[in-house]
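Sequence lines set the chain letters: A, B, ... in the order given, protein chains first and strands last, and positions in each chain run from 1.
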2 protein chains.
Amino acid sequence: MSSYCIHSASDKALSWRGGRGVGCATTGVTMSDATQTERAGKAIRDLIISGVVLPGERLAEVQLAERLNMSRTPVRSALNTLRYEGLVESLPGRGYAVASFAAEDLRHAVELRGLLEGTAARQAAERGAAIFEVDQLNRVLRDIDALFEDQTTWKDHVHEYINLNEEFHRLLIESAQNPVLARLYEQLIKLPFASPSDLVVGYWHLPGSYEKFTAAQHQHWAIVESITAGRGTRAEFLGREHAEITTKALGEMLRSGALSRDLMATAARRPRPAARG
Amino acid sequence: MSSYCIHSASDKALSWRGGRGVGCATTGVTMSDATQTERAGKAIRDLIISGVVLPGERLAEVQLAERLNMSRTPVRSALNTLRYEGLVESLPGRGYAVASFAAEDLRHAVELRGLLEGTAARQAAERGAAIFEVDQLNRVLRDIDALFEDQTTWKDHVHEYINLNEEFHRLLIESAQNPVLARLYEQLIKLPFASPSDLVVGYWHLPGSYEKFTAAQHQHWAIVESITAGRGTRAEFLGREHAEITTKALGEMLRSGALSRDLMATAARRPRPAARG
DNA sequence: TCCAAGGTCAATGTATACAAAATTGTCAAC
DNA sequence: GTTGACAATTTTGTATACATTGACCTTGGA
């Protein structure tokens, strides 16, 4: 079984959620987390994302525990957590099953992320963002600009771009100083391919990615500009429009097959448990 | 300790989350749920909402297990769940503590609810809501109209209004046919006093409530009207504006002391764990 | 041959025992 | 008197054994 880590197609094997050096699904043990529960969570997540277990398939506790070389207790705990992250669904009295995601779900998630980011930008603009926060946003954007200066070498710095892009979006949410919004955002981007990084990971090697990324960066600047100027409405709609680029990129990714097709429900949305894998 | 159920001040003792006939925090056993875990979840929730345990206070597993007459296992599971509902915070390696809510958090939650409901309304309008869904929304609104016909007796039907109001908001979210949005909404309204019902429960006996409720009902009609007419932008902004009424009501509730003050963090936002209760 | 009822079995739900970690209290030294 | 380290105790994290529920298969009857 050569299904290894995520995106076996992509040679650079960018990890899915910035987990630094986490082991792969088959073992799930090589990483050095604090608790067994965390190890279980990451391992099961990998199993799902990498497509080792398919959508709709049941996740039996004993089976998982054996596979991960631990007892049922941390596995149970991790499954309960993953339920709230939307990766697994709980069956009434029969444990859990891998959640199914349709392409439509991904589009919805991206659109909602734009909505929340736009709201954060508006609130930051309306309350008057602190100088410190704006400075941080500007610094990140200048760093990203530097990466894109040379169109011939920018692909060598994709990792840096991913980190900076993620930091920008995180700072943007923080700038609203709205813990409830931040919590909701956190929950949303835990869905597969709903976070800013995930989409970059899947998109950067496609043709035309440079133009998309520079256009997105243009919007980044405009958002910060709006916040600084206290133009809340413009900030909000720029945040939403920013998601439109992502949606477009998502569409290209789907057509190109860059997204692990296993994540998509091929037949109906959320097929019945299907006790038999 | 006469701290009993929720809102000891309000004589009619409306239950907090439509739990039909759930027992009270002190026992937590009288209800007949399927599993111990569910019982634990509801019981701990009651302990928090009713103010028996205070914000910032640590929740020790053994202590809770003894109090609820069960083992630590379901208590652990329930605490893990409540973490994702925002009622408790997990301390790194030291278990859990009751989450603190500032008045500002409640306002933020209500505003975000308006944002999501507005988005749902827009999406329903844009995709063209099915006749069946619109019919259901209209039916609920007609039923609510009937309740408010007689200004002298409407308070006898508060329970019915709560149910109908909740159903309207649920139908509104469903009309968008957006599972991701629905999931986010579900998570949001699990916060204390973020759901439509909770606010009605706390507000209906305050002076001027009749006018507020009828004004809200006016907006309900306008939202459905917009959806039917395919006017997405208007639908969205009506959804947001609808939250403004709620925010105003929330302010009055806070000033009147109708909200359990225990839920509010009196000192700083999210005080340090404070190992000593 | 099909349907129904019962039994068997596997998997989840729960309890408890054990291990590891952290906090608290105590004692001694500065 | 304050500060440091060490030990004792409480508390969380994990494993395992048991109970109970639900599913599947077999067997009997129509």
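With hydrogens and angles ignored, no donor-acceptor pair closer than 3.5 Å exists between the side chain of B:Arg94 and the base of D:dG13.
The distance from the CZ atom of B:Arg139 to the CZ atom of B:Phe168 is 12.0 Å, given to the nearest 0.5 Å. Atom CG of A:Leu115 sits about 12.5 Å away from atom NE2 of A:His108, to the nearest 0.5 Å.
Relative to the side chain of A:Thr35, the nucleotides D:dA15, D:dG13, C:dT12 differ in distance, and D:dG13 lies closest. Relative to the side chain of A:Arg76, the nucleotides D:dT12, C:dT12, C:dT16 differ in distance, and C:dT12 lies closest. Distances from the side chain of A:Thr73 to the nucleotides C:dA22, C:dT14, D:dA15 place D:dA15 closest. Nearest to the side-chain atoms of B:Gln36 among the listed nucleotides D:dT12, C:dT14, D:dT14 stands C:dT14. The listed nucleotides are D:dT16, C:dT12, C:dA15; the one nearest the side chain of A:Ser71 is D:dT16.
A:Glu133 and A:Gln177 form a side-chain donor-acceptor contact under 3.5 Å, judged by distance and modelled atom types alone.
Counting any heavy atom pair closer than 4.0 Å across all strands shown, A:Leu64 reaches no nucleic acid atom. Using a 4.0 Å heavy-atom criterion, one finds that A:Ser77 contacts no nucleic acid atom at all.
We find that CE of A:Met70 is positioned 16 Å from C1' of D:dT16, with the value rounded to whole Å. Here D:dT10 presents its C1' atom at 12 Å from CD of B:Gln63, a figure rounded to the nearest Å. At whole-Å resolution of the value, CZ in A:Arg58 and P in C:dA10 are 13 Å apart. Between the P atom of D:dT12 and the CG atom of B:Leu91 lies a distance of 10 Å, rounded to the nearest Å. Counting to the nearest Å, the C1' atom of D:dA17 and the CZ atom of A:Arg72 are 10 Å from each other. One can place CG of A:Leu59 at 14 Å from C1' of C:dT12, the figure rounded to the nearest angstrom. Per the geometry, CG belonging to B:Asn80 stands 14 Å off P belonging to C:dG13, to the nearest Å. The nearest whole Å value for the distance from the CG atom in A:Asn69 to the P atom in D:dT14 is 15 Å.
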Practice problem: Please report the C-alpha distance between B:Tyr185 and B:Glu117 in whole Å, then the side-chain angles of each, then the deciding distance to 0.1 Å, and finally whether the side-chain hydrogen bond (donor to acceptor under 3.5 Å, both in side chains) criterion is met. | Solution: CA-CA 8 Å; B:Tyr185 185 82; B:Glu117 287 175 352; 2.7 Å; yes
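Between B:Arg170 and B:Glu174, at least one side-chain N (NZ, or NE/NH1/NH2) sits under 4.0 Å from a carboxylate O, which counts as a salt bridge.
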